[in-house]
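Quick notes on the structure that follows.
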Amino acid sequence: MGYENVVVWKSRPGNEPRLEEILVEMVKLTRLEPGCRVYQAHRSTEHDGVFLIYEHFADQVAFDLHNDAEYFKRLVLGEAVPMLESRERSFYTTDGFD
């Protein structure tokens with residue numbers, strides 16, 4: 001069983017360096033969470049300012065705990081989201097495929 005989230009961030013021009021710093025910090029912190037199986041950030045090679053984040057958690061409870069983390073609220077919601085042109089999230093489960 002698993003709970004996945006695929007996120008695409010499109011930066012407002014000029015915010016890319018700070019967003020990259022935020023993602024480096026988020027990767028480091030999120031990978032320490034007990035329910036985190038994979039947390040990987042990517043930067044597009046084709047489109048400036050586009051980032052993809054792949055998140056794989058043990059279950060939705062672990063994902064919800066991640067979203068309640070102080071650093072998620074501070075770094076992602078408080079700092080990164082206001083610097084974005086858009087933020088798209090898609091949720092998946094591995095139920096039935098394990």
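Counting begins at 1 with the first residue of the sequence.
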With rounding to the nearest 0.5 Å, note down the distance linking [atom1] in [X] to [atom2] in [Y].
X: L84; Y: E79; atom1: CG; atom2: CD; value: 11.0 Å
X: L77; Y: R87; atom1: CG; atom2: CZ; value: 6.0 Å
X: H56; Y: N5; atom1: NE2; atom2: CG; value: 12.0 Å
X: D95; Y: Q60; atom1: CG; atom2: CD; value: 10.5 Å
X: R74; Y: E25; atom1: CZ; atom2: CD; value: 7.0 Å

Give the minimum heavy-atom separation between [X] and [Y], together with the two atoms involved.
X: A62; Y: G35; answer: CB-CA, 3.7 Å
X: C36; Y: R31; answer: SG-CA, 4.0 Å
X: K10; Y: V50; answer: CD-CG2, 3.5 Å
X: A41; Y: L23; answer: CB-CB, 4.0 Å
X: P13; Y: E16; answer: CA-OE2, 3.9 Å

Taking the side chain as C-beta and beyond, is there a heavy-atom pair between [X] and [Y] under 4.5 Å?
X: V76; Y: W9; value: yes
X: I53; Y: M26; value: no
X: M83; Y: L19; value: yes
X: T30; Y: Y71; value: yes

State plainly whether one hydrophobic cluster holds both [X] and [Y], where clusters connect Ile, Leu, Val, Met, Phe, Trp and Tyr through side-chain heavy atoms under 4.5 angstrom apart.
X: Y3; Y: L65; result: no
X: F51; Y: V7; result: yes
X: Y92; Y: V38; result: yes

Q) Is the CG atom of D68 crowded by more than 12 outside heavy atoms at less than 6.0 Å? A) yes

Q. How are the rings of F57 and Y39 set to each other: parallel, tilted or perpendicular (split at 30° and 60°)?
A. perpendicular

Q: Classify the ring geometry between F63 and F91 as parallel (under 30°), tilted (30 to 60°) or perpendicular (over 60°).
A: perpendicular

Q) Is there a donor-acceptor pair closer than 3.5 Å between any side-chain N or O of R37 and the backbone N or O of E4? A) no

(Q) Tell me if a side-chain donor or acceptor on T93 pairs with a main-chain N or O of G2 at a distance below 3.5 Å. (A) yes

Q: Go through the steps for H42 and Y54 under the test ring pair (Phe, Tyr, Trp, His ring centres under 6.0 Å), then give the verdict.
A: CA-CA 8 Å; H42 310 264; Y54 175 75; 7.8 Å; no

(Q) For E21, is there an ion pair with R18 - N to carboxylate O distance below 4.0 angstrom? (A) yes

